[in-house]
Amino acid sequence: MSEYRIGDIGKLLGLSADTLRYYEKFGLLKNIGRTPSGIRVYSDKDISTLKFILRAQKMNFSLAEIKDLLQMREDPHHARSEVRELSHRKLAEIETHLQDLTTLRNELTLLVNLCTGSEDGCPIIEGIENNPAQEK
Amino acid sequence: MPQNRLSIEIFSAPGCNKCRRAYRLAQDVLQELDNHDIALRLVNIVEELEYAVDLGIRATPGIVFNGTLVFTAMPTEEALRKAILTHLTGGEHE
């Protein structure tokens, strides 16, 4: 099992010392280890938790929501009913987001294929620019 | 208004020469078959991008029969004719 200092977390996940201390104060990170001289030491489990927090933030979940979801993550069988409900709700949000992303990926795949298939630049862009039905 | 038994859609994009060739090929095959139960439509992907993506089209030309993607590239004349006859006869031509 590895141990990480604040500087290591910064390099690994791009999080600042202030952010890590705030997460701890807010209750997102619990039981952070300390060296005899009082320096914070993070475990692999803490890294996993931080990655979860970062993913949830990318989905625009609030820190309060993330804190609740972390309870579910820590102990799914004993999570409060509100936390379970929140997890279901967030899962539904992710599913919708995933569908949107899939559609967007498919549209971009098609557009990129149209562009790469042409030796004279990107016909789809020219088509869109020349289409009077499109908004200027 | 009578319903066509087979609706063929050729998905094209501006500047796509293969798409134009696919459309002409389809026109030739339909003229040869002389079957009035077949409707042919050239679809501009720029104008109907969402529809194209929903059908699974990821490149051009794409050829769709009755809402199902059948060819994902330029077919040969023989392959196109065979596919049309197969759809018209419900698989008996295979």
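Just so you know, these numbers use all the heavy atoms, side chains as well, and skip hydrogens, waters and symmetry mates. Bear in mind the structure is a predicted one, so any value in this text is a computation, not a measurement.
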So, taking the atom named [atom1] in [X] and the one named [atom2] in [Y], what distance separates them when rounded to the nearest 0.5 Å?
{"X": "L111(A)", "Y": "I45(B)", "atom1": "CG", "atom2": "CD1", "answer": "9.0 Å"}
{"X": "R105(A)", "Y": "R58(B)", "atom1": "CZ", "atom2": "CZ", "answer": "7.5 Å"}
{"X": "L114(A)", "Y": "T60(B)", "atom1": "CG", "atom2": "OG1", "answer": "5.0 Å"}
{"X": "I57(B)", "Y": "N113(A)", "atom1": "CD1", "atom2": "CG", "answer": "12.0 Å"}

Establish whether [X] and [Y] are linked, either directly or via other cluster members, by ILVMFWY side-chain heavy-atom contacts under 4.5 Å.
{"X": "Y22(A)", "Y": "L15(A)", "answer": "yes"}
{"X": "L12(A)", "Y": "L28(A)", "answer": "yes"}
{"X": "L20(A)", "Y": "I32(A)", "answer": "yes"}
{"X": "L110(A)", "Y": "L101(A)", "answer": "no"}
{"X": "V41(A)", "Y": "I47(A)", "answer": "no"}

- [ ] Determine yes or no for a side-chain-to-main-chain donor-acceptor pair under 3.5 angstrom, with N106(A) supplying the side chain and V53(B) the backbone.
- [x] no
- [ ] Check the surroundings of atom CD in E3(A): do more than 12 heavy atoms from other residues, nucleotides or ligands lie under 6.0 Å from it?
- [x] no
Open item on the list: Does Q31(B), at its CD atom, have more than 12 non-hydrogen atoms belonging to other residues, nucleotides or ligands within less than 6.0 Å?
Closed with: no
TODO: Output the residues of residues 56-90 of chain A for which the shortest heavy-atom distance to chain B is under 4.5 Å, in residue-number order; output 'none' if no such residue exists.
DONE: none
